[in-house]
Amino acid sequence: MAKILCVLFDDPIDGYPKNYARDEMPSISHYEGGQSLPNPSSIDFQPGHLLGSVSGELGLRSYLEKLGHKYIVTSDREGSDSIFARELHDAEIIISQPFWPAYLSQERLAQANNLKLVITAGVGSDHIDLSAAVHKKITVAEVTNSNSISVAEHAVMMILSLVRNYIPSYKYVVEGGWNIADCVSRAYDLEGMHVGTLGAGRIGLGILKRLNPFGVKLHYTDKYRLAKETEKELNLTYHENLESLAKAVDVLTINCPLHPETDGIIDEKLLKKMRRGSYIVNTARGKICNQEAIVNALQTEHLAGYAGDVWYPQPAPKNHPWRHMPNHAMTPHISGATLSAQARYAAGVKEILEAWFANKPIRNEYLIVQNGELAGAGAHAYTTKM
Ligand code: NAD
């Protein structure tokens, strides 16, 4: 019998939903790029229901309990007295979502003597000390692709929201006003702007593809250059490095993982190289941007706007400066947690668990760490500390 410890975000304030906004779920047959959808032998949940909160349990309880495993689900993960900290020592498998991550620092991993598998329900495993996981030969897997387009859509929404000055205009309406001049004094067309992405993997490329019909000029930088046909199809300008990209664009969107190479890479020095009036949209990880440098660039009006849904730490404290800086369009970490995405990553977690308990290989594209080294998607996107 294995003990599986799952950390999920809290239920809605008014309780677990009894009904939903829509009766049907949009359906897709495969991911962009061709990867097949998660294919567990069965699922015990209703796609379209809230699965990522504590009562949703990622739809795994009946499956795990039928096999005789112990399944503990909690949102209580802060401090040494939390349920997460108390249950950690003998858990064999830990599951959490990046939206409400079970932070697994080196110290915490040192306490988890029985831990063999860590699953990210979603994409992005930086809440786990990957160097320590490599060292301890813990397998780390995530549900690659499950929410990439969810995030790409959110980033496009935020780019338009900033450039068109949507959020302040909406606020005027709610407050009973009709302040046309106030609204339009900061509004521009996206058409004709230069938009670039740091990282052109699944999300970055998804954003570029979605923006192509808007009549913008598209740019990117990445450790790996895209195929020539893709560059041609989207009329992309490739930049050898971030500095070159930052100087060339009006809108910078950040879509690389957080790892030693990218931690704090958007700093004061880089921001100064960007054009005055640029916008940044970061749905990757908060720590890729230097917190004070972003606040300062907005206050001095060097940046015209900043949006994103990723913070450090998460949840952001009430006095986090990004809650109160000018011209921002921040949301809590939600872009990859649509009900559509939740159904895919819950099914993906079940697929990973089925493979694990049957001693079968986990799909290579789901792997981040295996057998004491970065593997699969992890070997492509991450680096570890030496
Ligand atoms: P991906 O692995 O498909 O793409 C990441 C790309 O970043 C890769 O092409 C990689 O080569 C590139 N990269 C890595 N280090 C780089 C560097 N130093 N300089 C330039 N490029 C670099 O991953 P993805 O699915 O596109 O996701 C990207 C990131 O987005 C995730 O790691 C995660 O942090 C974040 N994410 C956020 C949410 C959310 O809800 N906000 C959801 C999913 C993923």
Side-chain angles (χ1 to χ4, degrees), residues 9 31-35 52 96-101 120-128 130 140 142-158 196-210 219-227 230 236 238-246 252-266 270 281-289 307-312 314 316 330-338 340-342 344-345 348 364-368 374-384:
F9 47 80
Y31 293 121
E32 277 187 22
Q35 186 188 313
S96 78
Q97 302 157 106
F99 323 106
W100 189 262
T120 302
V123 174
S125 296
D126 52 277
H127 57 284
I128 304 150
L130 295 180
V140 179
E142 60 184 41
V143 190
T144 305
N145 237 330
S146 56
N147 55 15
S148 305
I149 298 310
S150 324
V151 179
E153 288 184 1
H154 194 94
V156 170
M157 172 182 83
M158 288 188 145
T197 174
L198 163 61
R202 295 170 184 87
I203 297 173
L205 183 58
I207 295 169
L208 294 171
K209 282 184 183 166
R210 277 155 184 76
H219 302 248
Y220 80 101
T221 187
D222 195 291
K223 287 185 354 174
Y224 305 94
R225 201 156 170 177
L226 292 166
T230 311
L236 300 179
Y238 170 72
H239 295 261
E240 290 281 347
N241 54 52
L242 173 59
E243 188 180 323
S244 161
L245 175 75
L252 176 65
T253 163
I254 300 168
N255 301 291
C256 59
L258 172 65
H259 60 128
E261 279 174 16
T262 59
D263 198 337
I265 199 172
I266 309 288
L270 186 98
V281 170
N282 176 14
T283 48
R285 286 295 177 260
K287 249 176 132 247
I288 295 171
C289 293
D309 71 332
V310 284
W311 308 67
Y312 187 79
Q314 289 192 182
M330 296 296 295
T331 56
H333 194 167
I334 53 164
S335 64
T338 56
S340 319
Q342 288 179 40
R344 290 188 293 267
Y345 63 68
N364 194 48
E365 61 256 38
Y366 288 173
L367 289 172
I368 303 298
L374 290 172
H380 178 85
Y382 287 92
T383 51
T384 50

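Note that ligands are numbered from 1 as they come in the structure, with each ligand's atoms numbered from 1 the same way. In this chain, residues are counted from 1 in sequence order.
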Which of the numbered atoms in ligand 1 are under 4.0 angstrom from any heavy atom belonging to Thr262? 17 (C), 18 (N)
Ligand 1 contacted by Ser335 (non-hydrogen, < 4.0 Å): yes
Taking every heavy atom of Leu205 against every heavy atom of Thr230, the minimum-distance pair comes out as CD1-CG2, 3.8 Å
Would you find a donor on one side and an acceptor on the other, under 3.5 Å apart, between the side chain of Asn145 and the backbone of Ser148? no
Residue-level breakdown please: for Arg285 versus ligand 1, do any non-hydrogen atoms fall below 4.0 Å on the side chain, on the backbone, on both, or on neither? side chain
Can you tell which part of Asn147 has a heavy atom less than 4.0 Å from ligand 1: side chain, backbone, both or neither? side chain
Donor-acceptor pair, distance only, cut-off 3.5 Å: does the side chain of Asn147 make one with the backbone of Gly336? yes
So which bit of Arg202 gets within less than 4.0 Å of ligand 1, heavy atoms only: side chain, backbone, both or neither? both
Quick one: look up the protein heavy atom nearest atom 40 (O) of ligand 1 and list residue, atom name and how far away it is. Gly336 N, 3.0 Å
Ligand 1 versus Ile203, non-hydrogen atoms closer than 4.0 Å: side chain, backbone, both, neither? both
Counting heavy atoms only, which part of Leu242 comes closer than 4.0 Å to ligand 1: side chain, backbone, both or neither? neither
Quick one: does Glu142's side chain have a donor or acceptor within less than 3.5 Å of a partner on Val123's backbone? no
Looking only at heavy atoms of His259, does any of them come nearer than 4.0 Å to an atom of ligand 1? yes
Closest protein heavy atom (residue, atom, distance) for atom 4 (O) of ligand 1: Gly201 CA, 3.3 Å
Does Ser335 offer a backbone N or O that forms a donor-acceptor pair with the side chain of Asp309 under 3.5 Å? yes
Part of Val151 within contact of ligand 1 (heavy atoms, under 4.0 Å): side chain
Check each heavy atom of Ser148 against ligand 1 and say whether those closer than 4.0 Å belong to the side chain, the backbone, both or neither. side chain
Does Tyr312, at its OH atom, have more than 12 non-hydrogen atoms belonging to other residues, nucleotides or ligands within less than 6.0 Å? no
Between the side chain of Asp222 and the main-chain N/O of Ala200, is any donor-acceptor distance below 3.5 Å? yes
For His333, atoms of ligand 1 separated by under 4.0 Å from a heavy atom: 39 (C), 40 (O), 41 (N)
Flag the pair Thr221 / Ser244 as yes when at least one side-chain heavy-atom distance between them is below 4.5 Å, and no otherwise. no
Tell me, do Ile266 and Leu252 make a side-chain contact under 4.5 Å, heavy atoms counted? yes
Could you tell me whether ligand 1 has any atom less than 4.0 Å away from a heavy atom of Gly122? no
Proximal ligand 1 atoms for Tyr224, defined as those under 4.0 Å from one of its heavy atoms: 11 (O)
With heavy-atom distances below 4.5 Å as the criterion, would you say the side chains of Ile334 and Phe99 are in contact? no
Protein contact to atom 8 (C) of ligand 1 [nearest heavy atom, distance to 0.1 Å]: Asp222 OD2, 3.5 Å
Once you restrict to heavy atoms under 4.0 Å, what part of Leu198 touches ligand 1? Side chain, backbone, both or neither. side chain
